[in-house]
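What follows is a set of notes on a single structure, which appears directly below.
Sequence lines set the chain letters: A, B, ... in the order given, protein chains first and strands last, and positions in each chain run from 1.
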Amino acid sequence: MYRLLKKEGAARRGEFATVHGTVQTPGFMNVATAGAIKGAVSAYDLKELGCQVQLCNTYHLHLRPGDETVRALGGVRRFTGWEGPVLTDSGGFQVFSLAKLRSIREEGVTFASHIDGRKIFMGPEESMRIQSNLGSTIAMAFDECVENPAPYEYAKASCARTVRWLERCKTEMARLNSLEDTLNPRQMLFGINQGCTYRDLRVEHMKRIAAMDLDGYGIGGLAVGEPAEEMYAIIEAIEPHMPEDKIRYLMGVGTPVNILEAVSRGVDLFDCVMPTRNARHGHAFTSEGVRNLLNAKYTLDESPLDSRCGCPVCQKFSRAYLHHLFKAGEMLAMRLTVMHNLYFYNHLLADIRQALDEGRFAEFYQEKIQVLGKRI
RNA sequence: GGGGGAGUUCCCGAGUGGCCAAAGGGGGCAGACUGUAAAUCUGUUGUCGACGACUUCAGUGGUUCGAAUCCACUCUCCCCCA
């Protein structure tokens, strides 16, 4: 249940209450696709890094270890050791990212498993059942994340099908939640807005799903290759049609600048693989911009990654050490940089919340927008 | 002392007359990454006044229109026998 605490322009400060804890928004969810934060960061570390919500993936956990297995082990929260809220993505993104391995029809999507090629059928009902077995706090509707660019007619048809799928998700979720032995009988369902870069499709779709009284609303199919300005424009176009009393989640986004821009346009929740993936590839996000720790200039640099960062890594280790760890291929390089980046993201959102609390988001935005995207 | 083998661009290593500034790795330098098929992928890596020129394949000299590739000698290293 979302509670709007304060507004500054379109930016919202709120709280999202769930059975597994209350999420302060705007907030960032930490991505643990296959039940683990890539880079050897555990649920135990996540607490220290300021994580509020862990995100796991339906498709990936269904394939391995299997949702029945996870259920038998008490659900994703118990299984991964993360006690707070968990959001499970539906598998809709895999319709996009594994495009070469799947075919879509009205009933759902058939994937050729990326692990062993075996056929996996996933429709709205299957996705809901898997997510129910995973026992997540929030289930995402099964959608099609459409590639960009996509022809108008395709986008339109896909949107219509995503609506039909959402209706089926809602029905199935209600059924599953009413079962005696369901893991989380209060599992929530978020719908997902689609429509590619077509304003009219986006708005129409948003109106359609807004009327369905869901627990929250995702904005999907963005940051898939379109320019950032286009993404911002789409958010602005659909924002007036999103229920004010429901949480809004911009899926898969993004850079610190993207997040700031989206918050200023009324988005509450984010997730992105960037802090973890880029960390594994040597890129660190800092209060001054982005650093590539593999660069030769860090060989003798004794300063911390970010002098204004309170993370455990910045208290102890130098850029020179991290540079060496990356050069040497030590896994510690990844672990430390992932920890830093997640801390950075989680605390960027905490700073945004504080600025909103204190009614100075506009200044905060102005100050940060200049600096966060820079490569240093 | 006798016999055999080898020396290639930062490293390893292919190449044994022109298509070779020289394959492929590694290393170096840089870039990308947005609901994770990603500890991945891409570019670049002799010099310069740079759609061309110049200097490189242990050294020196030679054969040839033309040599990293053939010949002679020299140097260095490795292996085997004494």
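Side-chain N/O atoms of A:E167 and A:T171 include no donor and acceptor closer than 3.5 Å. For the residue pair A:Y59/A:H114, the side-chain donor-acceptor check at 3.5 Å is satisfied.
An OP1 or OP2 oxygen of B:C29 is reached within less than 4.0 angstrom by a side-chain nitrogen or oxygen of A:K327. Taking 4.0 angstrom as the limit, A:R280 places none of its side-chain polar atoms (N or O) nearer than this to OP1 or OP2 of B:C33. A:S97 has no side-chain polar atom (N or O) that falls below the 4.0 Å cut-off from OP1 or OP2 of B:U36. For A:Q94 and B:U36, the shortest distance from a side-chain N or O to OP1 or OP2 is below 4.0 Å.
For A:V273, the side chain to side chain contact (heavy atoms under 4.5 Å, CB included) test picks out A:V31, A:T276, A:R277, with sequence neighbours left out. Looking at residues two or more places apart in sequence or on another chain, you find no side-chain hydrogen bond (donor to acceptor under 3.5 Å, both in side chains) involving A:E363. Applying the salt bridge (Lys or Arg N to Asp or Glu O under 4.0 Å) test to A:K297 and every residue at least two apart in sequence or in another chain returns nothing. In terms of the side-chain hydrogen bond (donor to acceptor under 3.5 Å, both in side chains) criterion, A:E153 has no residue partners (sequence neighbours excluded). In terms of the ring-ring contact (aromatic ring centres under 6.0 Å, His included) criterion, A:Y365 has no residue partners (sequence neighbours excluded).
For the segment residues 136-169 of chain A, the set of residues with a heavy atom within less than 4.0 Å of an atom of RNA chain B comprises A:D143, A:C145, in numerical order. In the region residues 36-71 of chain A, proximity to RNA chain B at under 4.0 angstrom, judged on heavy atoms, holds for A:K38, A:L55, A:N57, A:H60. Residues from residues 235-260 of chain A placing a heavy atom under 4.0 Å of any atom in RNA chain B, listed by number, are A:M251, A:G252, A:V253, A:G254, A:T255, A:N258. Listed by residue number, A:H283, A:N292, A:L294, A:N295, A:A296 are the residues of residues 283-302 of chain A with a heavy-atom contact under 4.0 Å to RNA chain B.
Cluster annotation: A:I138 and A:M1 are assigned to distinct hydrophobic clusters (Ile/Leu/Val/Met/Phe/Trp/Tyr, side-chain heavy-atom contacts under 4.5 Å, transitive). Residue A:I192 is not grouped with residue A:W165 when hydrophobic side chains (ILVMFWY) are merged at heavy-atom distances under 4.5 angstrom, including chains of intermediate members. Linking Ile, Leu, Val, Met, Phe, Trp and Tyr residues whenever their side-chain heavy atoms come within less than 4.5 Å leaves A:V19 and A:V86 in two separate clusters.
Using a 4.0 Å heavy-atom distance criterion, A:G221 is classed as a base contact. Across all strands, A:Q194 comes closer than 4.0 Å to base atoms (heavy-atom distances). At the heavy-atom level, A:L101 lies under 4.0 Å from base atoms of the strands shown. Counting any heavy atom pair closer than 4.0 Å across all strands shown, A:R375 reaches sugar-phosphate atoms only and no base atom.
Of the options A:N184, A:T88, A:D89, a side chain to side chain donor-acceptor pair (under 3.5 Å) to A:Q131 is made by A:T88 and by none of the others.
For A:F326 and B:U40, the CZ to P distance is 12 Å, given to the nearest whole Å. Between the P atom of B:G35 and the CG atom of A:L98 lies a distance of 13 Å, rounded to the nearest Å. Atom pair A:I115:CD1 and B:A37:P shows a separation of 11 Å (rounding to whole Å applied). Atom CE in A:M334 sits roughly 18 Å away from atom P in B:C33 (whole-Å rounding). In this structure, CZ of A:F96 is placed 13 Å from C1' of B:A37, rounded to the nearest angstrom. Residue A:N278 contributes atom CG, which lies 12 Å from atom C1' of B:G31 at whole-angstrom precision. Taking atom CE of A:M29 as the reference point, atom C1' of B:U36 lies 15 Å away to the nearest angstrom. Remark: C1' of B:A37 and CZ of A:F111 are 12 Å apart, rounded to the nearest angstrom.
Look at the P atom in both B:G24 and B:U36: the space between them is 36 Å, to the nearest Å. Rounded to the nearest Å, the gap between the C1' atom of B:U40 and that of B:A22 is 30 Å. Taking atom C1' on both nucleotides, B:C54 is separated from B:G49 by 12 Å, rounded to a whole Å. Atom name P, nucleotides B:U69 and B:U64: the rounded distance is 16 Å, in whole Å. Comparing B:A58 with B:U9, their C1' atoms sit 14 Å apart, to the nearest whole Å. Spacing between B:A67 and B:G61 at atom C1', rounded to whole Å, works out to 14 Å. Comparing the P positions of B:C78 and B:C71 gives an interatomic distance of 25 Å, to the nearest angstrom. Across the C1' atoms, B:C79 and B:G66 are found 37 Å apart, a figure rounded to whole Å.
For B:G66, there is no paired nucleotide, since no Watson-Crick or G-U wobble pair has both relevant distances below 3.5 Å. If you check B:U56 for Watson-Crick or wobble pairing at under 3.5 angstrom, you find it has no partner at all. With a cut-off of 3.5 Å on both Watson-Crick or G-U wobble distances, the partner of B:U16 is given as none. Under the Watson-Crick or G-U wobble criterion, with both distances below 3.5 Å, B:U44 is paired with B:G28. Remark: B:A50 base-pairs with no nucleotide in the shown strands. Criterion, Watson-Crick or G-U wobble with two distances under 3.5 Å.
Side-chain proximity of A:T33 to the nucleotides B:C33, B:A39, B:U36 is greatest for B:U36. Across B:U40, B:C29, B:U34, the shortest atom-to-atom separation from the side chain of A:H281 is found for B:U40.
Relative ring orientation between A:Y343 and A:H347 is described as parallel, the plane-to-plane angle staying below 30° on a 0-90° scale split at 30° and 60°.
Applying the ring-ring contact (aromatic ring centres under 6.0 Å, His included) test to pairs two or more places apart or on separate chains, those with a residue in residues 280-316 of chain A are A:F285-A:Y345. Residue pairs meeting the ring-ring contact (aromatic ring centres under 6.0 Å, His included) criterion with at least one member in residues 61-86 of chain A: none, sequence neighbours excluded. Identified under the salt bridge (charged side-chain N to carboxylate O under 4.0 Å, His left out) test for residues 217-235 of chain A, with sequence neighbours left out: A:R199-A:E230.
Listed for the A:S178 side chain is a donor-acceptor partner under 3.5 Å among the backbone atoms of A:R175.
Ranked by how close their nearest RNA chain B nucleotide is to the 5' end, A:H323 and A:V224 are led by A:H323.
Atom CZ of A:R360 has more than 12 neighbouring heavy atoms from other residues, nucleotides or ligands inside a 6.0 Å radius.
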